[in-house]
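Note sheet for the following structure.
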Amino acid sequence: MNNAHVSLLTELNQLFHEAIRSIADVDTTHLSLERPKQSNHGDYAHNGALQLAKVLKLAPREVAQKLIDALPSNALIERCDIAGPGFINIFVKQSAKQRVVHQVLHKGKEWGNTEFGHQRSLLIEFVSSNPTGPLHVGHGRGASYGDSVANILNKAGFKVSKEYYVNDAGRQMDILTVSTWLRYLALFGSTIAFPSNGYQGDYVTDMAELVKAQWAKQLYHADEFVLLNLNPPTQTEEDEAIERYMDALIARAKFLLKDHYHQLHQHVLSLQLADCKEDLKEFGVTFDEWFSEQSLYTSGAVKKVVDQLEAKGYLYQQDGAVWFKSTQFGDEKDRVVQRENGIYTYFASDIAYHANKFERGFDLLIDVWGADHHGYIPRVKAALTALGFNTERLIIPLVQFVSLYRGGEKVQMSTRKAQFVTLRELREEVGNDPARLFYVLRKSDQHLDFDLDLAKSHSNDNPVYYIQYAHARIHSVLQKWGQDIASLVDCDLSPLTLEHEFKLMQLLEDYPDTINAAARDYAPHTLAFYLKDLAAELHSYYNSQQFLVDDVTLCRARLSLILAVATVLNDGLQLLGVSAPLTM
RNA sequence: GUGCCCGUAGCUCAAUCGGAUAGAGCACCAGCCUUCUAAGCUGGGGGUUACAGGUUCGAUUCCUGUCGGGCACGCCA
């Protein structure tokens, strides 16, 4: 058979495009075939007649008849019906439906690879959490979503690079450094009260122990020197005073520790980064690049973009700070790029980061952000537009929050009190596979209610095991059969005529279209739902028919069908970062 | 207050960039293991798609308004 894959849908579309062009001189790109919901409406339906009726000034059903008459002769279509207001219902020949099994078995893991991306290059940036503490369950959703989208886009014909932006510059890192230092001092008997806006988690104390192991008492300074002329705020004091105190502590640490401060800063950073990398790696999420924010300062990239904006006349001074005229590009208000104290804002380095991404020459840039950052989008696009970049090439899908439920109750989380559930805890509680799938089972821009009990349950309620079980069942049958599965590739498929069998073939045929839809919408949940449907159809088939039957031709035909199903289940699960076990 | 997102079965969610009679799972009821894994299957009840208009052959989908929920409105990152 011809090994080059042309899908049934593509071929049928071509036939109809030819037919339409022969009766009307119109743009046919928006006219297409779809899967009808009801099987008595055919295998495919075309709505072209309804849309062309107005242009041609004819009744829709009349147009439909003309279209059918104009169809080129072919070996695919059994018959066409005109139905309802003017739909053309297409019934496909059995042989044309069956051929997909051969195609899947020939292509293997490459079945479903498409040309949607035309090999354009693309950079997807995701997670990018501050390296100031462990990843929590919200980051887990970004990780799972971003990685799945990257896999799907790769399968859809894009050249994909994955990147993590490390916010290793700025005040939050200083706060973490000081927090660690204070815990370290406490190990030597310091009684300084831990500030309420410091990082409270146990991991900070753990880092202090490591610091002590490396530096011994070299970083120690007595309380009276640390607090000289400083007044720790009381609990009732307002936020502003608490923040000022923290800034003073940071300044004091830099003064007392001198060169050691930077070393401590980098040490704390590397510990957190290593933890983060390990956590994500165990979760099946890896990156091609870990891009450092610090590097944008040391290379002068931040100053460079600010100078460029200045040269183009988009900056002005006010209240001692430097502002960017983002309102000229549709933002609600102008934004500060350089503070009164001379320090650049996070916004300034972010402009430099995005300029850098554009300059690396990618055709498409994707930023996966938490939905709470949506107000930040206009100013970033404004700055990039001002610098002359085409922001239509920057896509920013938003990922909504995650709420955990245990025993029907919402698990309370608070970042301030360090009472958040970490990604690692979640993975240990429910396992990687359920976590990966549950995260992408909802549209990304919808709030996710994550039911821990359901994710943990080893029952039919759990969609993870439901899909995996279908895969395992198939391999169990093939195991029992015991012969070489390679011999199933080109067997006679004509005995496959049952309703269940045609439904499975239809789903196999739909796999490339599912990949394209998921890629187009950056929507891995589309694939997750497809896999649930495919598993359901397999289970149903499994219960209704015996595969290892005496009729050898029938047996081999059925086995080749379920082998093709297993191939797609395995591939789809892999794209979502979920394993496909052979036995359960 | 302003901007963005959302509102679908009792619950959690789908619905192929406007398509035909809006679908699954859970929960509830009734069945199926002497047969390749019951982590499975079969059947049943359950809806004014928040509400009111508009656009057209056709609206859960697009537009306007109202009600209800979430998020964002820093010289934080």
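Each chain gets a letter, A, B and so on, in the order the sequences are listed, and its residues count up from 1.
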Distance, [atom1] atom - from [M] to [N], rounded to whole angstrom:
| N | M | atom1 | value |
| --- | --- | --- | --- |
| B:A52 | B:A27 | C1' | 34 Å |
| B:G45 | B:C29 | C1' | 8 Å |
| B:G53 | B:A59 | P | 14 Å |
| B:C71 | B:C75 | C1' | 23 Å |
| B:G47 | B:A22 | C1' | 9 Å |
| B:C62 | B:A24 | P | 24 Å |
| B:G46 | B:A9 | C1' | 6 Å |
| B:U60 | B:G7 | P | 14 Å |

With a non-hydrogen cut-off below 4.0 angstrom, is [X] in contact with a base, only sugar-phosphate, or nothing?
| X | answer |
| --- | --- |
| A:Asp331 | nothing |
| A:Gln38 | base |
| A:Ala321 | base |
| A:Arg35 | base |
| A:His539 | sugar-phosphate |

When A:Glu293 and A:Lys333 are each assigned the nearest nucleotide of RNA chain B, the 5'-most assignment goes to A:Lys333

Of A:Thr583 and A:Val336, the one whose nearest nucleotide on RNA chain B sits closer to the 5' end is A:Thr583

Compare the minimum distances between each of [options] and the side chain of [X], then state the nucleotide with the smallest one.
| X | options | result |
| --- | --- | --- |
| A:Gln172 | B:G19, B:C57, B:A77 | B:A77 |
| A:Asp319 | B:A77, B:C6, B:C75 | B:C75 |
| A:His374 | B:A72, B:G19, B:C36 | B:A72 |
| A:Asn543 | B:C57, B:C75, B:C41 | B:C41 |
| A:Glu332 | B:U16, B:A14, B:G3 | B:G3 |

Can we call the ring centroids of A:Phe126 and A:Tyr145 under 6.0 Å apart? no

_Using the ring centroid of each side chain, check whether A:Tyr165 and A:Tyr353 are separated by less than 6.0 Å._
yes

Per the glycosidic torsion and the 90° limit around 0, nucleotide B:C17 is anti

inquiry  = Check this for me: does the side-chain of A:Asn89 come within 3.5 Å of the base of B:A20 through a donor and an acceptor?
reply    = yes

Please determine whether a side-chain nitrogen or oxygen atom of A:Arg339 lies at a distance below 4.0 Å from atom OP1 or OP2 of B:A77. yes

If one requires at least 3 consecutive Watson-Crick or G-U pairs with distances under 3.5 Å, the stems of RNA chain B turn out to be B:1-7 with B:67-73, B:10-13 with B:23-26, B:28-32 with B:40-44, B:50-54 with B:62-66

